[in-house]
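In what follows, a single structure is set out as structure tokens and then discussed.
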Amino acid sequence: MKLSGSTLLVALLALAPAPARAQEPRPSAVAGRVLVRADTSEPTPASRASVAIVGTSIAATTGADGRFLLAPAPVGARTLRVRLPGYRMADRPIQLRDGDTVRVEVVLERSVQLLSPLRTDAQRTDAELFTSRPSISTTVIDAMALSGVPSIGERDVVRTVQLLPGVTARNDFNTGLTVRGGEADQNLVLLDGFPLYNPFHLGGLFSTFMDATVGSIELLTGAFPARYGGRMSSVLDVRSAEEVRPGVHTTADLSALGATARFAGAIDGGRGTWSIAGRRTYADAVQSIFTDDVFPYRFHDLQGHASYLIGTGTRVSVTAYQGRDVLDANLAEFEADSVLSKSNRGRWAFDWGNQMLGVVIAKDVGGRTTIEQRVSTSGFSTRLDLGSGASMQRSEVRDVRASGVLRVRGDVHDRSIGYELAAQRIRYSSGSPQTETTTFDLTQRPVTGALWIDDLWQLSPRWLVEGGLRAEALSGRQWAALSPRLSLKYFVSPQVALTAGAGRVTQTMHSLAGDGALRYFDVWLASDSFVPVATAWHWVAGAERRVGDVGSVRVEGFLKRYDRVLEADPSEDPQRRGDEFLSAKGSAFGVDMLARWQLKSGATGWITYSYGVSRRERDGRTWAPGSDRRHDLNVVATRPFSKYRVGARFNLATGTPYTPIVGGVTRRVYDPALDRWGTGDPEILIESLGGVHNSERFPVTHRLDLDVSRELVVRGATVAPYVSVVNAYNAKNVFVYLYKYSTDQPTRRAISQFPILPSAGVRVAF
Amino acid sequence: MLLALAGATLAATAACEIEKVEIPRPERLVALHGVLSASAPSQVVLLERTRNGSVDVRAPSFELESPLGSDSGIAENGAIVTMTTPSGATLVAREDNTIVLGAAGGGVYRFDLPGTALERSGTYRLSVLTRAGEKLAAATTVPGGAAALVAEPRTFDRATDELIVEWPTTPGARSYFVRVETPYGPRAFFTNETRVRLSGDLRNADLDALPHVFIPGFPQTVTVSAVDSNYYDWFRTHNDALSGAGLINRVSGGLGVFGSLVRLRLLDLNVVAPQAEPVAGSFRVIGTPEEVSSTPYLALELYMESAASRRDQSDALSGRATRRKSIFDTGCSFCGVLGSMQDGRVELNFLTGWSARDTMETFTGELRGDTLVGSYRFAGGVARFVKQR
């Protein structure tokens, strides 16, 4: 029989294997048991432990028998995180395949520190970062590591950040962060991913972050991924702690600085968590009890955070913050009278503060896709009023923004695409309401937009590549730019990796705070038709070695080139636009080293060493910026001893540049009423004459800080008194030099940084 | 605001001194201070050396004849100072101490050029050659506008009055300089507007203690001047105490200012206030003929300048005194008074003139009904003043 072509085709098709139907993924699951080991040798089931898959909203709480089930669970390499108050958090890597159920048994070890706030599901450990991302120039510090770091008055996040690699502090009075040769206004500070413009109190001595509210901090000091923009030097993301225990749990802290209280709890079987915290200084209240003299300064912070899982895959989180510093004095009431009455003195009022409200909605779709939408408003304002309207200055920045991310996780690629839209209102004004005169009144309303894409690509078991592109635009200047970002990680072995990264960064908000030794807060102005956009390139290369679960060592070299960096013009004319900033080219290069450890005994700490060289150039002249510090060594260590926890921090650093004063000129004033020259009215004012800019360097500084705390259980409450000593051996570190040329022998006086400063406090948790 | 905070921080930390060393004396630069004024009878330029620690700075009473010598400035003598006018003429200044042998006025170089002769919108070029061969140069363009040569007298009640001062837009003016003279030091500021409101409760933001600008009993002058960019930029800027940078200097070869000013408004205010309090009012000296003839002050006009703000504080007083003057006495006939009162006890400082810096005599006494009874610290003796109805 002769076969026709069509018959043959049908026959061939009948012989062909049936095409595989597109397989639907079968759900995976994670099941297991959590045990705890306290002081007894046999572990016992852990009830109400929190179990979650990191990077997702999939979580559960163990039952009385310590058992749990997470289903459905997303496929791929994941990290299972287990937490229980009083025990050290545990992470377990798991590999999930279609339809499989992975069984895990986790034993939690007792934690010495009962009072550390716990971390959110969205936070990542260093270990996870090492394996899952190139994590160029990224450092994560959790609450455990934060606790025990000696501090003044109370623990402070930003002061701890100053101890991290690549970060230097100008001096003891300045909490501005100088990151790898950058300026202090080049750091993006976030609270749960929402921007804060001036997170400092007391003129920069303390940050606005209350220790009890901090779950962890993540610091990126270079070549950051495409999702970050707007600042050129670093990103500091402070994450709120989330309580996992039901009920209302209270932490109260009384320190030399102020009083803090935090209330928090988990609700609805762990689906939700809430916290509210407040802090206020009390020196003014205490002084008023004992004297009629006035202590004119106070500040407060209020912070709230809540998170709730709706259904199985949608989480809503809200974070709010409000804080204010007030320096308010009626000088007539300020202090007791003198021979000459003080009743004719006036009043000055100075206040400044932040407010922020942010909402995040994150939805998991199908286990591999996450959609996140953020909306926030953030603002900072300051007002100085001298003489009840005789002279007034105001600065305000208000930021409303929306951003979103679509993230698709695959076996090899983890792709994200996102957007960010921010509308800002900035006002900076000075004048005299009493005389009805205005010196200047500047209002800006810039709108910035960004689109970005990011692809984390597991090229091979040894190669991780993260590439991204950020497109940005700014109204008011008709400016747009593309900023590529690239990071690479090569695993020489599972414990050793080489990294490299590069990226372009831009900045459209700039501070008028200047390059001086003191930095109180930033007065922000946006790029517009008068103020250009600042841009820079980062290049980073390094190596990291993990030492099991104990710690790690990382060395990174960096190079930064500023195509344009802006600094405030000290001679700017307030009646003229366009001269607020001076533009310069710049560069910075150096090496950072970080060695950190976290032992099972509870001992934690790190050693950092930074070497850096910074330069600026303008009009053929080159100089070192005031933050240029060659060598900076920090050793931080905390260790439990029986019921005590001892912390120490040692710093050794070479000096930063300063300008020598080479003389003085008397400020002579012409009196137009009498048409004559006068002086000494009311007193002789002598202007300092500066020598070559930043041509000298301060001497080497060194300092040892100590902290001792102890935990006691009193009637079910945990009480932890602590004592700190800053500058324990009273090192004489120079803050500034003051010159005097008005005597017949010129002199130079060295003014010190912090002298020995003991402080004490107590924290109570119940 | 950041400057104010910086100053406060430095003041607070200054107590933490850890070292004081002597340092070498740096080179001294030539500093020039010159302002061409359309209302001045002549034009003056001051030349001095910057301070390098070779001279002690004193703070004696200001001497008009020797503005540099008053505070131990280092006058630059013997320089050749010339000025080229817009029309091309060259004027040569004479140093004041060369006009009368042995006179004060070192470093004060005077051009015989009245302000009325200054050409508006004209550029004047200054040239200096010091004895050491240093050359300085500067130029200024005089703003337009008619100069106020005669003061407008006014009585200003601090409690009820409000002073609105207006002036015309002036061609060539970079800014307008408003200045109010007060016993504690002037309140001065620049504005680009052509109107300013001065209220009785205005505070002096130029002084740390923020006292009132207007003090009852005192004559106070208000001026508004059109200034050029040199004047504006020099006097609005300061050098940061730590970096020594910030001043705008347009004198080549040296440091300082050569600017110009046209005084547009000149007001002489007689500041008064209600005198409802027992201690406020007009007082005349009474007593025996010997007491009356020996008392240095014949009459007082007192006001309650500020009431006490706390219970352990005194009220602040202000006013003026009529002084007994003898032949050849060149001191004030009417002098300022600043004082205080608490629980009936009164202390009065009689000023040398109208500046709170210079006290000539102090009176301590009590208010007994409508009579002030007390004694002088320097003149001695008992004095009684009775309040006039």
(message) Tell me whether B:Asn239 contacts the main-chain N or O of B:Gly246 through its side chain, where contact means a donor paired with an acceptor under 3.5 Å.
(response) yes
(message) Looking only at heavy atoms and a cut-off of under 4.5 Å, which of A:Arg347, A:Lys732, A:Lys740 has the most pairs with chain B?
(response) A:Lys732
(message) Report which part of B:Arg25 has an atom under 4.5 Å of a heavy atom belonging to chain A: side chain, backbone, both, or neither.
(response) both
(message) Working to the nearest 0.5 angstrom, can you tell me the gap between B:Arg197 CZ and B:Glu162 CD?
(response) 4.0 Å
(request) Would you confirm whether A:Thr659, through its side chain, and A:Ser695, through its main-chain N or O, come within 3.5 Å as a donor-acceptor pair? (result) no
(message) Only pairs of heavy atoms separated by less than 4.5 Å count here; which of B:Gly115, B:Ala31, B:Ser54 has the most with chain A?
(response) B:Ser54
(request) Against chain B, work out which of A:Gly346, A:Gly387, A:Pro746 has the most heavy-atom pairs shorter than 4.5 Å and name it. (result) A:Pro746
(message) Quick check on ring pair (Phe, Tyr, Trp, His ring centres under 6.0 Å): which of B:Trp234, B:Tyr232, B:Phe235, B:Tyr176 does B:Phe190 satisfy it with?
(response) B:Tyr232
(request) Mark yes or no: B:Arg51 above the aromatic ring of A:Tyr741, with NZ or CZ under 6.0 Å from the six-membered ring centre and no more than 45 degrees from the axis. (result) no
(request) Go through the atoms of B:Ala307 and report whether side chain, backbone, both or neither lie under 4.5 Å from a heavy atom of chain A. (result) backbone
(request) Between chain B and each of A:Gly690, A:Ser688, A:Ala390, count heavy-atom pairs under 4.5 Å; write down the option with the most. (result) A:Ser688
(message) If we define contacts as heavy-atom pairs under 4.5 Å, which of B:Thr221, B:Asn192, B:Ile248 has the most with chain A?
(response) B:Asn192
(message) Taking side chain as everything from C-beta outward and backbone as N, CA, C, O, which of these in A:Tyr658 sits under 4.5 Å from a heavy atom of chain B? Side chain, backbone, both or neither.
(response) neither
(message) Quick check on A:Pro672 against chain B: is it the side chain, the backbone, both or neither that has a heavy atom closer than 4.5 Å?
(response) both
(message) Is it the case that the ring center of A:Tyr297 lies less than 6.0 angstrom away from the ring center of A:His201?
(response) no
(request) Name the region of B:Arg311, side chain, backbone, both or neither, that has any atom closer than 4.5 Å to a heavy atom of chain A. (result) side chain
(message) Is B:Glu305 in contact with chain A via its backbone, its side chain, both, or neither, using a 4.5 Å heavy-atom distance?
(response) side chain
(message) For A:Phe350, run the side chain to side chain contact (heavy atoms under 4.5 Å, CB included) check against A:Asp325, A:Leu327, A:Val326 and tell me which one passes.
(response) A:Leu327
(request) Could you tell me which portion of A:Asp671 (side chain, backbone, both or neither) has an atom closer than 4.5 angstrom to a non-hydrogen atom of chain B? (result) both
(message) Report which part of A:Gln753 has an atom under 4.5 Å of a heavy atom belonging to chain B: side chain, backbone, both, or neither.
(response) neither
(message) Ring centres under 6.0 Å, that's the criterion: do A:Phe698 and A:Phe735 meet it?
(response) no
(message) Do the side chains of A:Glu333 and B:Arg310 get close enough for a salt bridge, i.e. N-O under 4.0 angstrom?
(response) no
(request) Please list, chain by chain and in numerical order, all residues satisfying side-chain hydrogen bond (donor to acceptor under 3.5 Å, both in side chains) with A:Glu567, sequence neighbours excluded. (result) A:Arg618
(request) Select one option (side chain, backbone, both, neither) describing which atoms of A:Pro433 are under 4.5 Å from chain B's heavy atoms. (result) backbone
(request) Check each atom of A:Ile661 against the heavy atoms of chain B and say whether the ones under 4.5 Å are side chain, backbone, both or neither. (result) side chain
(message) Looking only at heavy atoms and a cut-off of under 4.5 Å, which of A:Ala673, A:Ala750, A:Pro574, A:Pro570 has the most pairs with chain B?
(response) A:Ala750
(request) Verify, without hydrogens or angle tests, whether B:Asn52 (side chain) and A:Gly663 (backbone) share a donor-acceptor contact under 3.5 angstrom. (result) no
(request) Give the member of B:Leu163, B:Leu198, B:Asp201 that has the highest number of heavy-atom pairs under 4.5 Å with chain A. (result) B:Asp201
(request) Please flag which part of B:Leu261 lies under 4.5 Å from any non-hydrogen atom of chain A: side chain, backbone, both or neither. (result) side chain
(request) Quick one: closest heavy-atom pair of A:Tyr737 and A:Pro699, and the distance? (result) OH-CD, 3.3 Å
(request) Among A:Asp675, A:Leu689, A:Asn694, single out the residue with the greatest number of heavy-atom pairs under 4.5 Å to chain B. (result) A:Asp675
(request) Look at B:Ser175, B:Ala148, B:Pro41, B:Ser306 and state which one has the largest set of heavy-atom pairs under 4.5 Å with chain A. (result) B:Ser306
(message) Quick check on the interface: out of B:Thr223, B:Ile18, B:Thr50, who has the most heavy-atom pairs with chain A under 4.5 Å?
(response) B:Ile18
(request) Could you have a look at B:Glu27, B:Arg28, B:Arg187, B:Glu193 and say which one has the most heavy-atom pairs with chain A under 4.5 angstrom? (result) B:Glu193
(message) Counting only non-hydrogen atoms closer than 4.5 Å, does B:Leu202 touch chain A with its backbone (N, CA, C, O), its side chain (CB onward), both, or neither?
(response) both
(request) Kindly say whether B:Ser37 contributes a backbone atom to a donor-acceptor pair with the side chain of B:Gln43 at under 3.5 angstrom? (result) yes
(message) I'd like to know if the side chain of B:Asp268 and the backbone of B:Ala151 have a donor-acceptor N/O pair within less than 3.5 Å.
(response) no
(request) Can you tell which part of A:Ser388 gets under 4.5 Å to a heavy atom of chain B, answering side chain, backbone, both or neither? (result) neither
